[in-house]
Structure formats: structure tokens, C-alpha cells
2 protein chains.
Amino acid sequence: MALKKRILIHDIARHLEVSIATVSLVLNGKAQESRISAALAQRVLSYVEEVGYKPNQLAKSLRTGKTHTIGLVVEDITNPFFAAVAGLIERKILAQGYRILYCSTNNDPVKTRDQLALFEEQHVDGYILALPGGVEAEIQALVRRGKPLVLFDRSLPGIQANTVVVDGAAGMYAGTQHLLAQGFRSVALVTLQTSQAHMVARRQGYSQALQEQYLPELVLEIDYEQAPEAIIERMQAFFQEHATCDAVLFTTNYLGVHGLEALRNLNRRIPEQLAVVCFDDNDLFRLYSPPITVVAQPLEALTESVISTLLTALTGSGEFSPPTQLQLAPNLVVRQSTIHPLRAGSS
Amino acid sequence: MALKKRILIHDIARHLEVSIATVSLVLNGKAQESRISAALAQRVLSYVEEVGYKPNQLAKSLRTGKTHTIGLVVEDITNPFFAAVAGLIERKILAQGYRILYCSTNNDPVKTRDQLALFEEQHVDGYILALPGGVEAEIQALVRRGKPLVLFDRSLPGIQANTVVVDGAAGMYAGTQHLLAQGFRSVALVTLQTSQAHMVARRQGYSQALQEQYLPELVLEIDYEQAPEAIIERMQAFFQEHATCDAVLFTTNYLGVHGLEALRNLNRRIPEQLAVVCFDDNDLFRLYSPPITVVAQPLEALTESVISTLLTALTGSGEFSPPTQLQLAPNLVVRQSTIHPLRAGSS
DNA sequence: CTGAAAGCGCTTACAG
DNA sequence: CTGAAAGCGCTTACAG
């Protein structure tokens, strides 16, 4: 029943009849440079191991300013893309002894600002960020103060910071070209009504492909704030209004999911009546009937780049170095949703 | 260019010409009980607001022992169920001023132990846990030391702790009964090879429904460690071997997803050749062709219960109170994957 | 190698 | 209400 009193560095020192400094130096790997004998260091280490002493991280953090904590900010942890990113980041960074604080922004700059402030109060060592617009000033301040951070998925206009993004323009260009090559001629885009960099790029890839063929654009912009039901209804109205449209690209996975539901409600056959491409892959697209052609993001490479960039900044010499800016190539995965049985190869 | 020096409580006190204690007491809402005049308190508050002073949480935590951080341990953050739980928990608890540290266990007790130790070093105030078997001793120790925690999704054998689970036995019983009522007679179960409480319960619900009808069980146990490809192959072999089986229930969403892929590879028609039920819902099941009948978990109620239980423990008087043990009812959602066109209503 | 000491930035009795 | 002080548990020069 007796609560074991938490053991302190002081207890270790007293038991070994050495000074607190000695214990601390050994524990922090500074035995050599402090000219502590290997034998003594070993004695300390094995006793610490024996009694299971763990330094109080709070005290350590207060003293050193390091918390070994990373703040992960995503748009929405329930979105399969961000969940996958979170999972991969976790796997890669926990092994380095870091912990992860996370939060979802839901693209709300006010909420994001609050959360960034909380992370800062908590003294996170570094940040991994997929941000909404409207927090440029806060991020600029972090950059200026030399905080290790990396933006991913989307960059922030006017901010010079480590960034790892997927080339949305190239991806959507490839997707649109693929549709055109399959003989589709009235190609719509369903995207978000936003000026965020990644969405702008994806739309631009679509536009460019159409312009090169002198084909008109047909764009539906969805308000992120809306409830799923409203989004689905909006899409249904759009597809009914534009009945001659024979192909559509969705710029995010959840727009794609809602789009499939809208098309199912309308009984549109894919790809006979409407070909479908989505940016970003997931189980649903892969197993849907018909399987959906996607512009897949390189999740493994993306997270690997994010982590290595962050670790470099974290362990950096502290001196200024130019930000790393990476743009990764997505991968067009052609499935049946864009292979028109009658038109295939007719381009 | 000049780095603004971080402002300290000392600076506030000096500027207002009051004592540090006064500032601290006002900031911690103890102005009244310390008989500090409302006017002075107001002066402090507005100056603090004006200069944007934020107390250093590390120092505060070291002193008070509270970090306002919750440790969330899930099986796998990329699993839609756990991602949904994480999202809802986040939404409900960030508003209370708590931050969330998370980690995935992948059902590995060693990894789980390491992470729990990290969380403890970090002095999290409370825990929300979906655990693998093999960490009973660690949890028992947390409980004994009065740490606020709540187990969810699955209980831990022999551990008396706050627990919020979904009634898997009732859910699978209902799903199996539904299949029998639809006229299916050779009903298989695909589950995990594990002794975890939630899986045992789900299997037991299946067994009971069959036993009541004197029907034989047909169970495939999958090893969690295997790669998806291996799991799919294993399932294909199973379904080929048991060709007369006319219905199947999957006990988790990812087993269901892999199962659908296996059945697609085998060109089995659902429900004509095989009816399908899955425990846990997601977009894929809802939009699949045909839509899949599921035993849906009450996510909103589940997370609400988890949070309120944890907050009670967190703000509790510290005195012992018996653990809260909640079991929520799941909801059978019948879709076309179990409605046999020829047999419907024939039961 | 050691020991005493300062300091990270707070909170909180305590005496006045 | 105030002021001085202890203390949360560490790390790290510094003099010896």
C-alpha cells in the first residue's frame, strides 16, 4: 500500500556517495568531457538502471528549454490523408524520442492561432504544419525566432520556410490530360472555394490542360464550411445542370467521396455517363465499383522528407540556413472510372 | 530584428509596482480569497492582456504537477475508427484547455509500455487508452496511484478502471441473428487471433446466435501481425475452401475492407453468393456496391462518455470513487449486402 | 572528479 | 494586500 516515493537525482547521488553533478553529467553523456572515469560512469548507469530512475522531464525542460515534443497541426485528423500522415510521422519520429501533440484546424484560422499559442506555451521543440490561410503573421514570427518547423501539403504565401508539398499542378494536369486522351471532352472540376496554395495549384493544372486543347473550363467551388449533406446536394444540382459534362475531377479525397455519393444518388454510371478522377487515394477509391482513377500522393516520401527536414532543423547548429523547399511528384493511378468502354484509345 | 525578450511575471509585477505574489494570485483566480481588491485585480488583468503575457507552462507544471496534457493511446491512428475517435475527443477536450499527446500501439505491448513510460515522464494529467494485452501491470500501477484514466473500446482483464466500451457481443449477436432471419444458414466469422476483450465479446455474440439455432460455427482467425496481402490471401483460401458458406461477419473494419478485396478477387457476388456484415461502419461500407450491412458503433456517445468520465476523474476531489464502467449499445444498420433477393423474408 | 550554488519561472504558505 | 523566501527537480559553470 505504501506509495513508493518517486526517486530523485539526489537519492542516486547520495546512495552512490557521489555528487549530484556527477550523476547528471553521466546521465547526459558528458562523462568523458568532464573526465569522469569510465568505471564511475558505469557504476552510476547501472545503479540508475537498477532502481529505474527517470529524470523529471518537466524540470529538465524548464532548465534546458527542450521538451522533446513536436506539434503536429493538420486540417482534420479524421481525413484519411492526414490520418495516414500522422501515422507515418508518428512511426518515424517516436523512435527519435519525440512525442507528438496534435490538433486539427478544420481550416479555421482562429482555432489554429489558439492551438499554435497552446503549443508554444507548451514549448514544443518543433512544428509540422498543414495550415489554413490567415495565420501568416504567426508563422512568420515563428520562423523569425528560428523555431524548427516544416510546412507540408500546402505552403503559405509569402512565407520562406521549410516546405514539403506534392506537385498538385502536375498531378491534376496529368489527370486532366488522361481524361482528354480517353476522349472525354467536357471535363469539370470540383474544388474548394479557397485561396490555399495547394488548391490553387491543383486547379491550375486542370486549367492548363484544358487551355492547351482550347477546351472550356467548368468549375464548381464548394464551401468548406458546409455540412456533407449540403455539399452532396450542391454537387447533384451541378451535375444535373451540366448534363453534357462527361468527366469530372475532384481536388480532395473527401470531395471525391461526397461526389461518389452524389453521383450514386443521381444514378449516373461511371464511366459510361461520367468519368471520375480524384486527387488523393484511399481504400474507398480502390475498392469502389468501378475503381476510381486517382492522383496518388507519395505518402511515404512526403513524411520521410518532412521528418528529415525537421530533424535537421531540430539538431541544427542554430545558425541560419536557407529553408528546404521540396515538391514531390504525385502518381497517376489509372483505374476503370476513366476507361470508357466505347471510347477507349480513341483519342 | 531585436528579439523581443520574453516577458516574465516579474516584469509584470515591477511595472505595476505590486508584488509577484499578487500577480500570480490574480492570474490564478485567487484574488478574492486573498482579499485582493477587485480594482487591483482588474489592473493586473488588463495589463497582462495588454502586453500579452503568458505564464511559462513548464515552470507552472513543475511547480503544480499539472500539465493540462492528456495521453491518447490508440491501436492505429490510421484506422478510421480510431481516427474518428481522436477527432471527436480532440474537439471535446481542447475546449477544456487540454492538449493531446497521442500514439499508436499497433497492438504491440512493448511499444505500448515504452509510450506509456514516455507519457508518464511527460507528466500527462490523464490517459485515454485502447490497449493491447500485456500491459496489465502498468495500468494497474497507474490506477493504484490514482492517475485519471479511462479505457475505451476494450477493457483489460482483471483491471478495475473507468471503462467505456461498445457491447460487441450484443452487436454481433444482432448481426448474426439478422443473417439467420434472412435465411442464411452457413454463417462464417472472420476475426483476429487475440484474447483481447472486445474481440472475445464479438465472437461470443456470433457463437451464441448460432448455438441457439443449433448451427455450426465456422471461424477464421487472422494474425494481426500479417501484411494486408497475406491477410487477403488467407481469406481467399478460406472462402474457397468453404464454398458452401453463404454469409460472413467481420469483427473489425479493416478485416472487412480486406475481406471485400478478397471477395472481389474471387468474383463472389454479394449478397447472392455471400452475404456480408461488418462490425464498425465507414465510408467504404456505406458507398460500396452493394452497400454493406454493419454493426455501427455510437462514436458520438462513446467519445462523450470517455471525455466526461475523464474530466470527472481529472477534476475529482482526489478521494477514491468506484470506477465508471459503461457499455454502449451498437446499432445494426441493414444494407443490401445481407438482403438476398430470392430469400428475403423467407425466414 | 567534487561540492556548493545559481538559475530555469513559476506558486504558495507565512509573517507582517 | 505586500515582500521575502522556499521549493518544484533538474543542469551547468565554477572554484577547488
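If you're wondering where the values come from, they're calculated on a predicted model, not measured in any experiment. In what follows, chains carry the letters A, B, and so on, assigned in the order in which the sequence lines appear, proteins first and then strands, with residues in each chain numbered from 1.
For the side chain to side chain contact (heavy atoms under 4.5 Å, CB included) test, residues two or more places apart in sequence or in another chain that qualify with B:Leu45 are B:Val26, B:Leu27, B:Gln42. With sequence neighbours left out, the ring pair (Phe, Tyr, Trp, His ring centres under 6.0 Å) criterion links A:Phe82 to no other residue.
Contact record, B:Pro109 with B:Val135: O-CG1, 3.7 Å, taken as the closest heavy-atom pair. Residues B:Ile77 and B:Ser104 come closest through the heavy atom pair N-OG, 3.1 Å.
Look at B:Arg145 and B:Glu120 and you find a salt bridge, because one of the NZ, NE, NH1 or NH2 atoms lies within 4.0 Å of a carboxylate O, short of that distance. Salt-bridge formation is not detected for the pair B:Lys60/A:Glu121: no Lys NZ or Arg NE/NH1/NH2 atom is positioned less than 4.0 Å from an Asp or Glu carboxylate oxygen. With salt bridges taken as basic N to acidic carboxylate O contacts below 4.0 Å, none links B:Glu90 and B:Arg99. Ion pairing between B:Glu17 and B:Arg43 fails under the 4.0 Å rule for side-chain N and carboxylate O. Note on B:Asp114 versus B:Lys111: no salt bridge recorded, every NZ/NE/NH1/NH2 to OD/OE distance being 4.0 Å or above.
Residues from residues 56-68 of chain A lying near DNA chain D, meaning a heavy-atom separation below 4.0 Å, are A:Asn56, A:Ala59, A:Lys60, A:Arg63, A:Thr64 in numerical order. For residues 23-33 of chain A, proximity to DNA chain D is found at A:Ser24, A:Asn28, A:Lys30, defined as any non-hydrogen atom under 4.0 angstrom from a strand atom. Taken residue by residue, residues 39-54 of chain B places heavy atoms nearer than 4.0 Å to DNA chain C at B:Tyr53.
At a cut-off of 3.5 Å, with distance as the only test, no side-chain donor of B:Thr105 or B:Glu75 sits close to an acceptor on the other residue.
Computed from coordinates, the B:Arg35 CZ to C:dA13 P distance equals 16 Å when rounded to whole Å. Between the CD atom of A:Glu120 and the P atom of C:dG9 there is a distance of 14 Å, given to the nearest Å. Between the CD atom of B:Glu121 and the C1' atom of D:dG9 there is a distance of 14 Å, given to the nearest Å. Following rounding to the nearest Å, B:Asp11 (CG) and C:dG9 (C1') show an atom-to-atom distance of 11 Å. Rounded to whole Å, the distance from CD1 on B:Ile12 to P on D:dT2 is 15 Å. Taking atom CZ of A:Arg14 as the reference point, atom P of D:dC10 lies 13 Å away to the nearest angstrom. Across the protein-nucleic acid pair, B:Ile20 atom CD1 and C:dA13 atom C1' stand 15 Å apart, rounded to whole Å. We find that CD1 of A:Ile36 is positioned 7 Å from P of C:dT2, with the value rounded to whole Å.
Using cut-offs of 30° and 60° for the angle between ring planes, the B:Tyr127 and B:Phe119 rings count as tilted.
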query = Does the side-chain hydrogen bond (donor to acceptor under 3.5 Å, both in side chains) test come out yes or no for B:Ser19 and B:Thr22, once each step is laid out?
reply = CA-CA 5 Å; B:Ser19 79; B:Thr22 306; 2.9 Å; yes
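In DNA chain C, runs of at least 3 consecutive Watson-Crick or G-U pairs, each pair with both distances below 3.5 Å, span C:1-3 with D:14-16, C:5-12 with D:5-12, C:14-16 with D:1-3.
Counting heavy atoms of neighbouring residues, nucleotides and ligands inside a 6.0 Å radius, atom CD of B:Gln325 exceeds 12 of them.
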